[in-house]
Amino acid sequence: MVNPQKPILYALLALAIVWALASLSFPFGWDQGIFAWVGNTVVDGGLPYRDAWDIKGPLTYYVYGTAQLFFGKNAFAIRLTDLIFLSLAAFYIARLAAKLSGPKTGPWAAVIFVLWYASQGFWHTAQPDGWASMLALVAIGPLLINRDDPRSYRYLLSGFAIGLAVLIKPIYGLFAIAVAIDAVFRYRKDFLRLFAAGTSMMLGVIVPFAIAVGWFAYNGALQVFVDTWLVYPAQVYSSAASPKAFSRAVGLIRFAESGMLVSVAWPVIVVGAVSRRHECSRTFSVLLAWVFIAVFCVVLQGRFFEYHWAIIIPSMVLLGTKGFTALFATIRNERRETSSHGRGLIRPLVLTFLVLVIGLAAVRPALDAARWTAHIVGLVDTPSYYSAFASAEDARLAAKYIREHTAPGEKISVWGWDASIIFESDRNAVSRFGYSMPLIMGKGTPQQKQLREEFLSAVHSDPPAYVVVSPQSEMILGESVDLTDFPEFSDFIAQNYTEETRFGKTLLYRRLAR
């Protein structure tokens with residue numbers, strides 16, 4: 001990435017900008033719809049978990065709620081917020097790369113970072129795991145380029161950023177290990193300063209968690225906060241995945257096969273790691289710890305969703321940038337040593353890797369940008385444009401239909417994963433369960449029994465105007481599930497509702513007039 005060809009860089013930058021504009025039109029995937037619904041509950045004065053059930057960390061919902069307050073109650077608001085976060089992270093990646101690998105590498109690192117992030121597609125962007133990667137960047141990045149002793153508050157701020165990531169997923173607290181490694185390298189001969197750095201970092205990690213605990217306790221919802229965010233994932237959600245070591249290894253290999261960008265980038269990243277090892281063992285160790293922690297977090301979760309890998313992107317971009325810098329330096333040296341054996345072999349190999357990395361990062365964003373451009377200039381109409389977003393168009397149409405056929409005070413219930421229908425229809429859910437996972441997962445457990453009883457009590461006491469039956473996530477559940485798996489609710493629908501219309505695989509049942 002030394003002496004890059006400016007036309008290529010400008011073309012990639014233009015692609016990144018067009019994709020960024022296109023991303024503002026992206027609809028919700030299942031996850032974003034759930035987070036938006038819970039975030040809207042927060043905006044309306046409710047609390048996550050108590051008033052809207054989901055298992056992500058609380059920071060997710062407050063970010064979604066804040067986005068709605070500033071930019072409106074729509075998908076655009078969260079896409080814009082995600083784009084703001086991505087832009088800030090890209091600028092910082094450019095600064096880090098320029099410091100670590102040379103000033104000319106900064107723009108390349110930034111644009112590859114954006115395109116790599118964009119290559120996840122609409123379903124896997126605007127996800128809190130991506131934001132956790134950016135918080136890790138805030139926590140670890142300043143330490144990578146600070147050759148002098150950091151100021152006393154630096155480890156406190158690094159800890160605070162990691163503490164915020166913990167409020168997305170507790171396992172992201174493991175990134176504190178990378179910060180601790182930096183402190184050990186700096187102060188291994190000064191125990192008091194090492195202790196002070198470690199204490200500052202841990203204090204920073206604890207503060208966001210303590211604020212969250214205090215907030216829910218103040219609102220009388222501490223128990224439901226703990227039960228839903230910590231206990232349920234550990235006892236029910238994780239055990240539903242719970243692959244054995246062999247299955248986790250297979251999942252890792254399958255991702256390496258399907259995530260071609262990661263597979264192709266690894267050799268260059270290894271070169272970058274070795275190069276950093278020779279230049280500075282501290283930054284090498286911290287970056288390597290970042291990579292291993294990220295991989296461990298993905299394997300620990302055991303589901304291998306594409307967005308789980310977002311936490312590894314910043315570290316791999318920084319190491320990959322360094323790798324290409326080192327390889328191009330080797331090419332320059334090769335030119336000087338005209339008598340060197342095998343002269344000329346490295347250059348085409350490096351250029352091939354460079355083209356593959358850039359190409360694989362750019363292909364999906366290019367397709368998204370092309371479809372959006374065709375839509376904007378009138379070559380593709382709105383229904384055709386949104387029909388390409390998997391089942392998102394069915395949910396959008398169902399929400400529009402419900403909004404047009406109900407009054408503001410009426411409620412709905414969703415049997416499926418499309419909580420975005422609740423959000424986009426601007427109607428309330430009949431209970432705190434905006435989607436069906438807590439009613440399906442954990443067969444035979446006390447948690448499932450308790451949650452089902454609570455849900456049935458809500459629908460019987462205040463029957464919803466519509467019941468939406470939409471596809472379930474077989475990837476999460478591990479099996480095909482339909483209404484017969486919840487016979488009490490199936491009977492309730494059969495006795496009180498009739499199918500009125502459908503949008504693709506999304507069925508709308510209207511309450512019978514009595």
Side-chain angles (χ1 to χ4, degrees), residues 56-57 59 89 92-93 96 100 113 116-117 120 127-145 154-155 157-186 197-198 201-202 204-206 208-209 233-234 238 241 243 245 248-249 251-253 255-256 259 262 265-266 269-270 272-274 276-277 280-323:
K56 263 311 185 280
L59 183 62
Y92 193 52
I93 281 276
L96 290 176
L100 294 172
F113 172 72
W116 195 338
Y117 183 85
Q120 297 176 106
Q127 288 274 5
D129 294 77
W131 304 338
S133 75
M134 299 170 196
L135 287 168
L137 188 64
V138 171
I140 300 170
L143 299 174
L144 295 174
I145 59 176
R154 179 61 258 175
Y155 287 103
L157 294 178
S158 292
F160 187 79
I162 293 170
L164 292 176
V166 168
L167 294 183
I168 292 173
K169 285 182 180 176
I171 57 172
Y172 292 151
L174 292 173
F175 281 110
I177 295 173
V179 177
I181 289 172
D182 177 88
V184 168
F185 267 89
R186 293 179 189 273
M201 179 192 67
M202 291 308 301
V205 172
I206 292 170
F209 182 78
S238 297
R248 294 179 191 271
L252 198 59
I253 293 169
F255 173 78
V262 175
W266 271 115
I269 287 163
V270 170
V274 172
R276 285 309 308 171
R277 173 68 179 86
C280 179
S281 58
R282 177 180 57 81
T283 58
F284 160 79
S285 300
V286 172
L287 279 169
L288 205 61
W290 188 345
V291 172
F292 278 111
I293 291 166
V295 172
F296 180 75
C297 286
V298 174
V299 174
L300 188 64
Q301 294 175 82
R303 294 187 181 274
F304 302 98
F305 298 149
E306 190 170 343
Y307 66 81
H308 285 175
W309 292 94
I311 55 174
I312 205 174
I313 295 177
S315 58
M316 293 187 80
V317 168
L318 291 172
L319 285 171
T321 303
K322 185 60 183 177

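Here the straight-line distance linking atom CE of Met201 with atom CD1 of Ile177 works out to 9.0 Å at 0.5 Å rounding. For the atom pair CG of Leu174 and CD1 of Ile162, the computed distance is 10.0 Å after rounding to the nearest 0.5 Å. Taking CG of Leu287 as the start and CE of Met316 as the end, the distance is 12.0 Å to the nearest 0.5 Å. Once rounded to the nearest 0.5 Å, the distance linking CE of Met202 with OH of Tyr155 reads 14.5 Å. Distance check: Ile293 CD1 to Ile171 CD1 gives 11.5 Å after rounding to the nearest 0.5 Å. How far CG of Leu137 is from CD1 of Ile313: 11.5 Å, rounded to the nearest 0.5 Å.
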Q) Checking side-chain contact (heavy atoms from CB on, under 4.5 Å) for the pair Phe160/Leu164: CA distance, chi angles, key distance, verdict? A) CA-CA 6 Å; Phe160 187 79; Leu164 292 176; 3.8 Å; yes

Q.
With side-chain contact (heavy atoms from CB on, under 4.5 Å) as the criterion, how do Ile311 and Cys297 come out once you've worked through the C-alpha distance, each side chain's angles and the decisive distance to 0.1 Å?
A. CA-CA 9 Å; Ile311 55 174; Cys297 286; 3.8 Å; yes

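Closest heavy-atom contact between Ala183 and Ala197: CB-CB, 4.1 Å. Nearest approach of Leu100 to Lys322, heavy atoms of both residues: O-NZ, 3.6 Å. Shown here for Phe185 and Ser285, the closest heavy-atom pair between the two residues is CZ-OG, 3.2 Å. Nearest approach of Ala178 to Ile140, heavy atoms of both residues: CB-CD1, 3.8 Å. Counting all heavy atoms, side chain and backbone alike, Arg154 lies closest to Val138 at NH2-O, 3.4 Å. Contact record, Arg282 with Leu144: NH2-O, 4.1 Å, taken as the closest heavy-atom pair.
In this structure the side chain of Val295 reaches within 4.5 angstrom of the side chain of Trp309, judged on heavy atoms. Put simply, the side chain of Leu96 reaches to within 4.5 Å of the side chain of Ile145, judged on heavy atoms. Residues Phe296 and Gln301 have side chains not in contact (no heavy-atom distance under 4.5 Å, counting atoms from C-beta outward). Trp290 has its side chain within reach of Pro314: a pair of non-hydrogen atoms, C-beta onward, lies under 4.5 Å apart. Looking at Gln120 and Gln127, their side chains never come closer than 4.5 Å, going by heavy atoms from C-beta outward. Between Val205 and Phe209 there is no side-chain heavy-atom pair separated by less than 4.5 Å. Using a 4.5 Å cut-off on side-chain heavy atoms (C-beta onward), Lys56 and Pro128 make contact. In this structure, the side chains of Val179 and Val286 stay at 4.5 Å or more apart for every pair of heavy atoms.
Within a 6.0 Å radius of OH in Tyr92, other residues, nucleotides and ligands contribute more than 12 heavy atoms.
Qualifying ring-ring contact (aromatic ring centres under 6.0 Å, His included) partners for Tyr307, counting only residues two or more places apart in sequence or in other chains: His124, Phe305.
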